[in-house]
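First the structure, in the form of structure tokens, and then the observations on it.
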Amino acid sequence: MPGNNRIVLSSDHTAIALRQAVAAHVAARGWEAVDIGPVTPESTHYPMHGEAAARRVASGDCRFGIILCGTGQGIMMAANKVKGIRCGVCADAYSARMIRQHNDANMLALGARVQGEGLALDIVDAFLSAPFEGGRHVARVAMIGEMER
Ligand code: RB5
């Protein structure tokens, strides 16, 4: 896989097992999984884990980020506060494909209390296999970036 093939993964306490399954899954597909935890099950705070992963993507250290909490919603909200991040929560593969093709998303959020492992891994595959289409979508994505200035 050319260029940066690193995917950063993080979660809160609700999603440790699913995050580890996703990390193993992407590694088996040739990506380098950078799993930044947490690893112990104590209750923790999703914003800081979303931010930590988002900063690895925004800095260019990792090509993509996959982040998880109970619904995927809170950790997605936190990640999207970091400049340069476009993160969507997906509970279906179609949406995961479309946030790459149309929105050039660089992060995916999943809800461990929403979907089982099989569906989550299908969603991950859809996200990672769909390239940004460019064309008419370039200006629209750029408009999102303009709001960060
Ligand atoms: C934790 O109870 C839960 O609030 C969190 O995992 C997430 O779903 C927040 O959006």
Side-chain angles (χ1 to χ4, degrees), residues 4-132 137 140-149:
N4 184 344
N5 77 331
R6 291 156 65 84
I7 299 177
V8 61
L9 300 106
S10 73
S11 74
D12 71 1
H13 56 286
T14 67
I16 292 172
L18 183 56
R19 189 195 75 234
Q20 291 172 339
V22 172
H25 183 76
V26 300
R29 279 166 166 46
W31 295 87
E32 181 181 347
V34 180
D35 187 345
I36 59 171
V39 293
T40 56
E42 296 83 32
S43 182
T44 182
H45 308 301
Y46 59 82
M48 64 188 193
H49 300 293
E51 180 187 2
R55 295 212 180 277
R56 300 288 285 260
V57 175
S59 71
D61 179 46
C62 293
R63 172 69 186 90
F64 292 121
I66 301 177
I67 53 179
L68 307 89
C69 65
T71 59
Q73 302 289 352
I75 201 163
M76 174 274 290
M77 292 176 195
N80 276 322
K81 295 295 183 188
V82 175
K83 187 174 181 184
I85 295 303
R86 290 178 301 281
C87 181
V89 180
C90 293
D92 63 274
Y94 175 79
S95 298
R97 202 159 52 244
M98 295 308 288
I99 66 169
R100 287 289 307 125
Q101 290 179 347
H102 286 195
N103 313 119
D104 199 17
N106 47 18
M107 295 188 71
L108 169 68
L110 299 170
R113 290 174 173 165
V114 178
Q115 63 228 175
E117 183 178 312
L119 176 56
L121 298 183
D122 277 355
I123 292 168
V124 167
D125 285 341
F127 178 81
L128 294 176
S129 63
F132 179 49
H137 304 294
R140 296 169 184 167
V141 172
M143 290 170 75
I144 298 173
E146 283 299 312
M147 287 189 273
E148 294 177 332
R149 288 163 19 105

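As the structure lists them, so they are numbered: ligands from 1, and atoms in each ligand from 1. Remember, it's a predicted structure, so these values are computed and weren't measured experimentally.
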| Is the closest N or O pair between G74 and ligand 1 shorter than 3.5 Å? | yes
| said: Any side-chain to backbone donor/acceptor pair from E148 onto G84? Under 3.5 Å, distance only. | reply: yes
| message | When you measure from the side chain of R86 to the backbone of N103, do you find a donor-acceptor pair of N or O atoms at a distance under 3.5 Å? | response | yes
| query | Under the 3.5 angstrom rule, does the side chain of H49 hit a backbone N or O of D12 as a donor-acceptor pair? | reply | no
| query | Can you tell me the protein heavy atom closest to atom 7 (C) of ligand 1 and the distance? | reply | C69 SG, 3.3 Å
| field | Euclidean distance, I7 CD1 relative to C62 SG, rounded to 0.5 Å | value | 9.0 Å
| field | Protein residue, atom and distance nearest to atom 4 (O) of ligand 1, heavy-atom basis | value | Y46 CE2, 4.3 Å
| task | Could you check atom 2 (O) of ligand 1 against the protein and tell me its nearest heavy-atom contact, residue, atom and distance included? | result | R113 NH1, 3.4 Å
| note | Quick note on ligand 1: atoms under 4.0 Å from a heavy atom of T71 include exactly 8 (O), 10 (O)
| request: Of the side chain and backbone of D12, name the one, both, or neither that has a heavy atom under 4.0 Å from an atom of ligand 1. | output: side chain
| query | Counting only N and O atoms by type, is there a donor-acceptor contact under 3.5 Å from the side chain of S95 to the main-chain atoms of C90? | reply | no
| request: Say whether M77 and ligand 1 are in contact under the criterion: heavy-atom distance to a ligand atom below 4.0 Å. | output: no
| said: Within the 4.0 Å heavy-atom shell around G70, which atoms of ligand 1 are there? | reply: 5 (C), 6 (O), 7 (C), 8 (O)
| task | Rounded to the nearest 0.5 Å, what's the gap from CD1 on I67 to CG on L9? Could you check? | result | 10.0 Å
